[in-house]
Amino acid sequence: MNKKKIAWLLVLTMLLTVGISACKKTETPPESPSNEATKMEETAETGLKDGVYTGEATGYGGTVKSEVTVKDGKIADAKVVEHGETTMISDMAISEIPKRVVETQSLAVDGVSGCTVSSMAVKKSLEKALESAGADLKALKKEIVKEAVERKTEEKEADVVIIGAGGAGLSAAVSAYEHGAKSVIIVEKMPFIGGNTLRAGGAYNAADPEVQKAQGIEDSIEKHIEQTYEGGHKVGNLDLVTVMCTNALDGVHWLADMGLEWKEKIGSVVGSKWPRSHQTEKPLGTGYITVLGNKVKELGGEILLNTKASELIVEDGKVVGVKAEGIDTDYTIRGNKGVIMATGGYAGNPEMVREYLSDGVYTKENLPEKLVSTNHPGATGEGILMAQKIGADVIDMQHIQLLPMPGDRFGPSINVEDSFFINKEGKRYVKEDGGRDEICLATLAQTDGQYFMITDAQIVPENRKTLSGENLDVLIAKGIVVEADSVEDLAEKIGVPADALKETIDTFNGYVEKQEDPEFGRTVWGKKIEKAPFYATLRYPALHHTMGGLHINTEAQVLNKDGKVIPGLFAAGEVTGGIHGDNRLGGNAIADIIVFGRIAGESIMK
Ligand code: ADP
């Protein structure tokens, strides 16, 4: 049915089908002029004077600098010439917003959904440049009259249809090709691929005894299984847990074969309970999405961006496709082998989270009213609702996870061995290598529900890049990380009693020496905190992961309420439930999406 919905002509300029382009910082031209016009001819209609102008604004990763060329009183060109924004997450904002400003000759253009801070910085920097060009800013910001266009309908067909281009969906696509698929279509509602995976801390848990042994770490698949199951308080399904832990290392090698660069050192990301977290050389989850996205492109996979799946198509009890809405097109897409649901979780949808809360670690009573989410805006859970509509069962929906820090407050390190935590009284209050639930519940009981992560100069690499790829100096300038030359100075800067902090550090260093923590029972150790400068990062719990979701079996087939397989429907990643129990170990989400993404791609082709 042609719904003749209204779409906006303007957004047609956005890319509908893309691969990945690596975001390189563009170089500032050698003689980039400052806010001086090179030619000063005022044009009556626009107020703009011909010339080349630059403008700056502060983004997520520091200064965003744009350059605008005015010719014949019109905006002839606009581009970002310098920035420190996170690769991939900000790519669309960096490339598309200036283009739209030129196309529309206006500053009233939309930002890119999912990268608000970068979008705002790009727009502001362009505004500054245009202000220098003599623009009447009020006129340039006037709402654009958008032309309505008629919606089209289109039918498509592939062997495999996947909903969601995050880590699970992309892994499933590669795996489907590896197991014989000739064509794969991925439907992604956001303007870019990657989902939450892109902004995840990026740690991947896998017992890798050979590599770990070289670092003095003893580990095994059994230990990973045991810690995952017990970390989730035995709520998870042991068969699913076993499949994840057993296949995690193979996933590490699979990604390496695709070109993923792993860091040599195995770490212990917050809440992982054991040093088995593999980390990539690229910031956050960008390494995973880059290699997987490139592979999907190389294999010929089609990714429909800005396209939201709305309904599963069922024929004779079998899922055979999906209906989806693009910017100006309503799609009916048939999947000859079926559909893989990989839409991620719903921690970006606090209403849905609260609706299901009951008897988990967090309840309607103890979950703070005001909570930020680490999730991208697309994590709203409609994949679960779509599958429920056709009879899918859900499991563990009452279990959610808070992360002990919002996404912009990872600070100098996300690894447990690098730091310890204090409350606003300057005292330790929790074992830093405990579960995320333990840390968050203990934190919520502290003054203001906040804490400081304390660390020192020893973990700061020469290039001053943090583990999540941020520039430490930008974090310091923004006030997110506090740097001080002495413990006393640090205490004063963050407003905690200096004697208490000093005593806490001395006591903690004594524990490091003995590798024993009689107060809280910490077992993961790094170096003493003793080398100036010292660092403190204020942190607090944030909504992070939803452990509940579609009920699957070990073949990633979705089950109905009677425990029977729904033919043609598969699911992988955070959209599924049953693996992590009531508390997910830090670093297990990436293992989950890669392992079950691969299984879903294989199963659907069987
Ligand atoms: P996972 O870690 O399980 O792979 P992610 O959050 O990384 O989950 O990826 C899930 C992807 O699914 C996100 O990019 C999200 O925008 C996308 N998505 C969610 N709902 C829909 C939908 N209805 N249609 C298309 N894509 C969707």
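Each ligand, and each atom within it, is numbered from 1 in the order the structure gives. Both backbone and side-chain heavy atoms feed into the values below; hydrogens, waters and symmetry mates do not. What you see is a predicted model, and the numbers here were worked out from it, not measured in a lab.
Remark: ligand 1 atoms within the under-4.0 Å shell around heavy atoms of Met386 are 23 (N). Those atoms of ligand 1 with a heavy atom of Ala168 less than 4.0 angstrom away are 3 (O), 4 (O). Of all atoms in ligand 1, listed by their number and element, those nearer than 4.0 Å to a heavy atom of Gly344 are 3 (O), 8 (O), 10 (C). Shown in contact with Gly573 at under 4.0 Å from a heavy atom are these atoms of ligand 1, numbered in order with element: 3 (O). Less than 4.0 angstrom separates some heavy atom of Glu382 from each of these atoms of ligand 1: 20 (N), 21 (C), 22 (C), 23 (N). Residue contact check: Ile593 has heavy atoms under 4.0 Å from atoms 1 (P), 2 (O), 3 (O) of ligand 1. Below 4.0 Å from some heavy atom of Glu574 lie the following atoms of ligand 1, by number and element: 3 (O). Atoms of ligand 1 lying under 4.0 Å from at least one heavy atom of Gly194, given by number and element, are 7 (O).
For the pair Ile590 and ligand 1, no heavy-atom separation below 4.0 Å is found. Contact annotation: Ala342 has at least one heavy atom less than 4.0 Å from an atom of ligand 1. Using a non-hydrogen distance threshold of 4.0 Å, Gly381 does not register as a contact of ligand 1. Taking a 4.0 Å cut-off on heavy atoms, Gly167 registers as neighbouring ligand 1.
Of the heavy atoms in Asn196, both backbone and side-chain atoms come closer than 4.0 Å to ligand 1. When non-hydrogen atoms are compared, ligand 1 lies under 4.0 Å from neither the backbone nor the side chain of Ile193.
Taking CG of Leu357 as the reference point, atom CE of Met352 lies at 12.0 Å (rounded to 0.5 Å).
Of the protein's non-hydrogen atoms, Gly166 CA, 3.2 Å is the one closest to atom 9 (O) of ligand 1. The single protein non-hydrogen atom nearest to atom 19 (C) of ligand 1 is Thr343 O, 3.3 Å, given as residue, atom name and distance. Considering only non-hydrogen protein atoms, atom 12 (O) of ligand 1 sits nearest to Gly164 CA, 3.2 Å. Looking from atom 15 (C) of ligand 1 to the surrounding protein, the closest heavy atom is Glu188 OE2, 3.5 Å. The single protein non-hydrogen atom nearest to atom 26 (N) of ligand 1 is Lys189 N, 3.1 Å, given as residue, atom name and distance.
At a cut-off of 3.5 Å, with distance as the only test, a side-chain donor of Lys189 or Thr380 sits close to an acceptor on the other residue. Side chains of Glu188 and Thr307: no donor on one and acceptor on the other come within 3.5 Å. Judged by distance alone, the side chains of Asn205 and Asn588 do bring a donor and an acceptor atom under 3.5 Å apart. Inspection of the Ser268 and Ser272 side chains reveals an N or O donor paired with an N or O acceptor under 3.5 Å. No side-chain donor from either of Gln401 and Asp437 sits under 3.5 Å from a side-chain acceptor of the other.
Taking 4.5 Å as the limit, every side-chain heavy atom of Trp274 sits out of range of all side-chain heavy atoms of Asp433. Two residues are said to be in side-chain contact when any heavy atoms from C-beta on lie closer than 4.5 Å; Ile594 and Leu255 meet this criterion. Side-chain atoms of His376 and Arg199, non-hydrogen and from C-beta on, do get closer than 4.5 Å to each other. Side-chain contact check for Asn415 versus Gln279: some heavy-atom pair is nearer than 4.5 Å.
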Residue pair Glu574, Arg584: steps toward the salt bridge (Lys or Arg N to Asp or Glu O under 4.0 Å) verdict: CA-CA 11 Å; Glu574 200 179 335; Arg584 177 175 65 77; over 6 Å; no
- request: Output, in order, the C-alpha distance, side-chain angles, deciding distance and verdict of side chain to side chain donor-acceptor pair (under 3.5 Å) for Glu155 and Thr332.
  value: CA-CA 5 Å; Glu155 293 190 0; Thr332 301; 5.1 Å; no
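Nearest to atom 2 (O) of ligand 1 by heavy-atom distance, out of Thr197, Leu292, Ile186, is Thr197.
Where the criterion is an N or O separation shorter than 3.5 Å, residue side chain and backbone included, Lys308 fails it with respect to ligand 1. Between Ala309 and ligand 1, a contact under 3.5 Å exists for at least one N or O pair. Residue contacts with ligand 1: Met190 is placed with no nitrogen or oxygen under 3.5 Å of a nitrogen or oxygen of the ligand (distance criterion only).
Note on Asp328 versus Arg151: no salt bridge recorded, every NZ/NE/NH1/NH2 to OD/OE distance being 4.0 Å or above.
For His580 and His399, the ring centers sit 6.0 Å or farther from each other.
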